[in-house]
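All remarks here apply to the structure that follows.
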Amino acid sequence: MDNQFYDVCIIGTGISGLSTAAFLLDQQPDLRILMLEKTEQSGGAISSYHQDGFLAEWGPHGFLDNCEASRELIRFASLEGELETTPLAEFVRYVCLDGRLQCIPQTPLRILRQPLISVPAKLRVLADLWKKPMPASPSVAQWVEYRFGKALLPFADAVFTGTYAGDINKLKIDAVMPGVRALEQQHGSVIRGVIKKMFAKRKGDHKRKGMPAMTSFKGGMGRLPQRLSEKIGDKATILYNTEATALTKTDDQWQVATGATTYHCADLVVALPVNTGLPLLRHAQPMQPPLASIPEARIISVILGFTEEAQIPFGFGYLAPEREERFSLGTLFSSHMFPGRAPQGHQIIEVLVGGRRHAKRLQLTDNELINYVYQDIRQIMDLPKAPCFSKVLRSPYGIPQLESGYTDLLAWRERVMQGEPNLHICGFGWKGIGINDMTQEGRKMAQRIITRQEQGDSAEVKGVYF
C-alpha cells in the first residue's frame with residue numbers, strides 16, 4: 001500500500017485535471033500527485049489537427065485573455081512565446097439574417113444604432129426596465145422574449161448556437177447565464193443591473209483595459225494540454241490507458257480501483273465530463289444525483305481550404321439562427337483569426353454542423369457533408385472555386401446541455417463536496433464549458449485541497465500539544 005499511496009489522485013487529464021495539478025504543484029511542489037487517464041493522451045476535447053500546412057481544431061478554438069487563472073496556467077506551461085491573440089475590438093462577427101451576413105457591432109450602443117431590428121423592437125428592449133423578474137426556471141427563449149421582446153430571439157439563438165450548439169427552447173437561463181439572472185433578481189432589470197455594474201467597475205478600476213482578445217497558440221490549442229502534461233509529468237505521475245473503475249471511501253482516505261491496481265489517496269479529484277464522472281460518483285455516494293446524465297450536443301467540423309480567390313469576409317466568422325433553415329450552424333474564419341493556419345496563398349475555414357437540433361446530420365458520410373456544406377456557404381459568401389482542401393473532423397466529445405434539472409445537479413455536487421471535504425468534483429460541464437471556466441474551477445479545487453490539508457496538519461499539531 002505504501003507504494004500506491006498519494007497525497008492527491010486526479011482522475012482525468014483534460015484541462016480541468018491538468019489545471020488542478022498545475023495549481024497544486026505551483027504552490028506545493030512536493031505533493032505526491034497521481035493522474036489517471038483512460039486514453040493514450042491528455043487534453044480531452046482539446047486537440048489540434050495538422051495536414052498539408054493546414055491547422056484546425058477538433059474542439060475549442062481559443063479562449064478570452066481576461067481570465068487570471070488561464071494566464072497563470074500559460075505561465076506555468078511556459079507558453080508565453082507561443083501565444084496568438086486576436087482582439088475583439090478589431091475583429092467583427094456576423095449573423096446570417098434573411099440569407100445575408102449582417103455585421104454585428106461589438107458594443108450594445110452600436111448594436112442599437114444598426115438597422116438589424118425595427119424601431120418598435122428597439123423600444124421594446126427598454127421594457128426590461130419595468131419588467132418584474134421572471135419566476136421559476138424559464139428557458140433562454142422564454143426569458144429573452146419576456147424581458148426584451150421577440151425580435152431579439154434570432155440573436156440569442158445565434159449566441160447559444162455558437163456556445164452550446166444548443167436549443168434556446170431547452171437551455172435554461174439560470175444555468176447558462178446565472179450572472180445575468182442574478183442582475184435581474186437583484187436590480188429588477190438587467191439593463192439597470194448592467195449600468196450599475198459598469199459604473200461600479202469604472203469607479204473602482206482606474207486601469208481598465210479595452211475589450212479582451214481571443215487567444216490560441218501557434219501550434220494550435222493542442223499545445224496547451226501537451227505542454228502542461230510535460231511540465232506536470234516532471235513532478236507528478238501520469239498513467240495513460242488507465243481507467244478508474246470504482247471509488248471507495250475508507251476512513252479518511254479514498255481508494256481508486258483500476259483494471260490491475262488499487263490506488264489510495266488523501267484527496268480525490270474527479271475531473272471528468274459530467275456524463276463520464278456521474279457513474280463513478282453515483283456508486284461511491286449515498287446521496288444519489290437527481291439526474292443519471294444530462295443531454296449532449298455533438299457537432300462535426302468540416303474543414304475547407306480555399307485559394308486567395310475566395311472572398312471570405314474579414315472577422316471571426318458567422319452564426320446562423322435556426323429560423324434561417326441553413327445546413328450549417330456557422331463558420332469560423334480561422335486563417336483570418338490566426339494567420340499561419342493555411343499554406344501561403346490559401347485560406348481555411350471551419351464549418352460547424354449538427355448540434356442539439358440536427359443530430360441526424362452527423363450520420364451523413366464525409367463526402368455528403370462536404371458537398372452540403374459547400375453548397376450552403378457559397379450562397380452567402382463569394383466562393384468562385386470549390387475548396388482545394390477538405391477534411392471532416394468527428395469529435396467523440398459532446399457539449400453538455402444545461403437544460404432542465406441541471407441546476408439541481410449543481411446543488412447536489414455542492415452538497416456532496418460539503419459532506420466529503422476530501423472529494424473534489426470538476427470537469428467539462430460542471431460550472432461551465434469554456435476553457436476559462438475549467439481553469440478557474442481547477443484553481444478552486446487546488447486551493448480547496450491545500451486549505452483542507454493545511455487545516456488537517458494544524459489539527460494534528462494541536463493534538464500533539466493539547
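In this chain, residues are counted from 1 in sequence order.
Residues Q27 and Q447 form a side-chain contact, since some pair of their non-hydrogen atoms from C-beta on lies under 4.5 Å apart. Contact of the T262 side chain with the T248 side chain is not registered, since no non-hydrogen atoms from C-beta on lie closer than 4.5 Å. Q28 places none of its side-chain heavy atoms less than 4.5 Å from the side chain of Q453. The closest side-chain heavy-atom distance from Q401 to K170 is not below 4.5 Å. The closest side-chain heavy-atom distance from M381 to P313 is below 4.5 Å. Taking the side chain as every heavy atom from C-beta outward, P400 and F428 approach each other to under 4.5 Å. A 4.5 Å side-chain heavy-atom check between S19 and M438 finds every atom pair outside the cut-off. Using a 4.5 Å heavy-atom threshold, the side chains of C426 and T20 count as touching.
For Y146, the OH atom is densely surrounded, since the number of other residues' heavy atoms within 6.0 Å is greater than 12. Crowding of K231 atom NZ: a count of heavy atoms from other residues, nucleotides or ligands under 6.0 Å exceeding 12.
Not one N or O on the side chain of E57 forms a donor-acceptor pair closer than 3.5 Å with the backbone of I46. Of the possible donor and acceptor atoms, one in the side chain of W412 sits under 3.5 Å from a partner among the backbone N and O of M287. One N or O on the side chain of R192 and one on the backbone of H187 form a donor-acceptor pair closer than 3.5 Å. At distances below 3.5 Å, at least one donor-acceptor pair connects side-chain atoms of S335 with backbone N or O atoms of I348. T242 places a side-chain N or O within donor-acceptor distance of the main-chain N or O of Y240, the cut-off being under 3.5 Å. No donor-acceptor pair closer than 3.5 Å links the side chain of E414 to the backbone N or O of L410. A donor-acceptor pair under 3.5 Å is formed between the side chain of D376 and the backbone N or O of S328. Looking at E37, its side chain does come within 3.5 Å of a backbone N or O of T39 through a donor-acceptor pair. Panel note: side chain S16, backbone A271; no donor-acceptor pair is recorded below 3.5 Å.
S334 and E350 share a donor-acceptor pair across their side chains, judged by distance under 3.5 Å alone.
Relative ring orientation between H336 and F333 is described as perpendicular, the plane-to-plane angle rising above 60° on a 0-90° scale split at 30° and 60°.
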Derivation and outcome, side chain to side chain donor-acceptor pair (under 3.5 Å), residues R223 and Q226 = CA-CA 5 Å; R223 281 293 291 149; Q226 179 186 31; 2.7 Å; yes
When you look at E441 and H424, which way does the side chain to side chain donor-acceptor pair (under 3.5 Å) test go after all the steps? CA-CA 10 Å; E441 280 298 293; H424 318 276; over 6 Å; no
- Message: Is there a side chain to side chain donor-acceptor pair (under 3.5 Å) between N436 and S70? Walk through the geometry before answering.
- Response: CA-CA 6 Å; N436 287 340; S70 295; 2.6 Å; yes
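Salt bridge annotation for R394-D366: present, with a cationic side-chain nitrogen under 4.0 angstrom from a carboxylate oxygen.
Judged as a side chain to side chain contact (heavy atoms under 4.5 Å, CB included), and not counting sequence neighbours, the contacts of V190 are D128, W143, R147, F148, V180, E184, V194. Every residue two or more places apart in sequence or in another chain that forms a salt bridge (charged side-chain N to carboxylate O under 4.0 Å, His left out) with R227 is listed here: E230.
Considering all non-hydrogen atoms of both residues, L83 and K218 come closest at O-CE, 4.3 Å.
Of the residues listed (R356, R357, K150), the one engaging D157 in a salt bridge (charged side-chain N to carboxylate O under 4.0 Å, His left out) is R357, and it is the only one.
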